[in-house]
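Encoded as structure tokens, the structure appears first; notes follow it.
Just so you know, residue 1 is the first one in the sequence shown, and it goes up from there. The shown structure was predicted, so the numbers you read here are calculated from the model rather than taken from an experiment. Counting starts at 1 for both ligands and their atoms, following the listed order.
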Amino acid sequence: MNRSQKAKPEHAPMDQFQCENDQLMVNGIPLRQLKHIAGQTPFYAYDRSVIANKVKLLRQKMPPSLKLHYAMKANPMPELVNYLITQVDGIDIASGNELRTALNCGIRGSQISFAGPGKQQTELRMAIASQTTINVESFNELTQVQQLSNEIGIQAKVAIRVNPDFELKSSGMKMGGGSQQFGIDSEQVPKALKLISSYGLCYQGLHIFTGSQNLNVESIMTAHRGIFQLATQLQQSANSKITSLNIGGGLGIPYFPGEKPLELESIGEQLAELIQEFTNTHGSAEIAMELGRFLVGDSGIYVSEIIDIKESRGTKFAIVNGGLHHHLSASGNFGQIIRKNYPVAIGNKMQQTKQETIQVVGPLCTPLDILADKYKLPKVEIGDLVVVYQSGAYGYTASPRDFLSHPQPIEMLV
Ligand SMILES: *Cc1c(COP(=O)(O)O)cnc(C)c1O
């Protein structure tokens, strides 16, 4: 081998899971056995112990005063939400149905915040009546909250979602800075704050969310400094104390070759200082970080079964009974510009040598239905179980499961 040749980047090791006797282990259960418990392939499985370890890691590295919220849209499976509320301090929801799930899990409105543009009247009513904090995203919405609040006779709890005048660099998905459908532009926030007090609404604080899926420590730290600075500046225009500051999330997980898990130390150390400074000036405001994929993304696998193997002009194809319709993001069609592979393994051949480079594709009549492109795997056979890692967030509910009318996958919390 040519030594000057650059080593091809590899996926980060998926060592949140163990292997035994060639089988991938999901919370102590070998995959071969789990398949029978599922009753079918394809299925999603989420491992409680991986979620618990992730929360433990955050609690270790982040300042103790930082509240952790779960952003439910990442994975709204009710059993999983029910498990997460034993681990985190609050839930962020993005629709009336998510609010219902949260309330059904026994979470109080005082621990829930509701963000998202275009909230509907019924959703706002549900939020007001359950005393959920509404992160207001426009002036029309603010007026509507006041009207509905009067109509119901319950004072609404509101925070302002701020569209900052800076953006989160190296973020997978930018959701702040420049023109946005999200939040109220920072320069208009003083006006919104005045309206909140003249409307007699219950002011909770500010919500500043800059973006998602960030693996760059420096840019996350820069965003945090910007968020605290902006919050301090905006709070000067408020007539009442700030009780909660939601600093967004944005912590990413490694999906693609070359990506590494985030080092949390320096993020946590800086946050401790920023929180100290902020609370010195603003009293005992609660500071919360909201996380979706960082909490649950790496706990999940998507498992499908090889049902055909063929060769076409020198390329070997393994065809599985699941694909894009069940897992849009792993197929590369959920916001990726250039398709890259998620980490994939043959879950019943974990300790076998990877000796062939193949295509793993689904059953849909579209060339977009790819789960693994030119991927090195052990020699495959019909009946083998293809595991797609990093599937605990934006998988099942973020996929067009009715496309082509194939059977649905099931979900399991293990
Ligand atoms: C989607 C979303 C999140 C969660 O983002 P992740 O990348 O899953 O952590 C957090 N806050 C808001 C407002 C969101 O819209």
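Taking a 4.0 Å cut-off on heavy atoms, Phe294 fails to register as neighbouring ligand 1.
Taking the six-membered ring for Trp, Tyr255 and His11 have ring centres at least 6.0 Å apart. When ring centroids are compared, Phe403 and His325 stay outside the 6.0 Å threshold.
For a threshold of 3.5 Å applied to N or O pairs, the pair formed by His207 and ligand 1 contains no separation below that value.
Distances from atom 11 (N) of ligand 1 to the heavy atoms of Glu290, Glu137, Arg293 put Glu290 nearest. For atom 9 (O) of ligand 1, the nearest non-hydrogen atom from the set Ser212, Gly292, Ala115 comes from Gly292.
With salt bridges taken as basic N to acidic carboxylate O contacts below 4.0 Å, none links Asp384 and Lys35. With salt bridges taken as basic N to acidic carboxylate O contacts below 4.0 Å, one links Glu141 and Lys119.
The ligand atoms of ligand 1 that sit less than 4.0 angstrom from a heavy atom of Ala71 are 3 (C), 4 (C), 10 (C).
When heavy-atom distances to ligand 1 are checked against a 4.0 Å cut-off, Tyr394 comes that close only through its side chain, counted from C-beta outward.
For the pair Asn53/Gln16, no side-chain contact is recorded, criterion being any heavy-atom separation below 4.5 Å from C-beta on.
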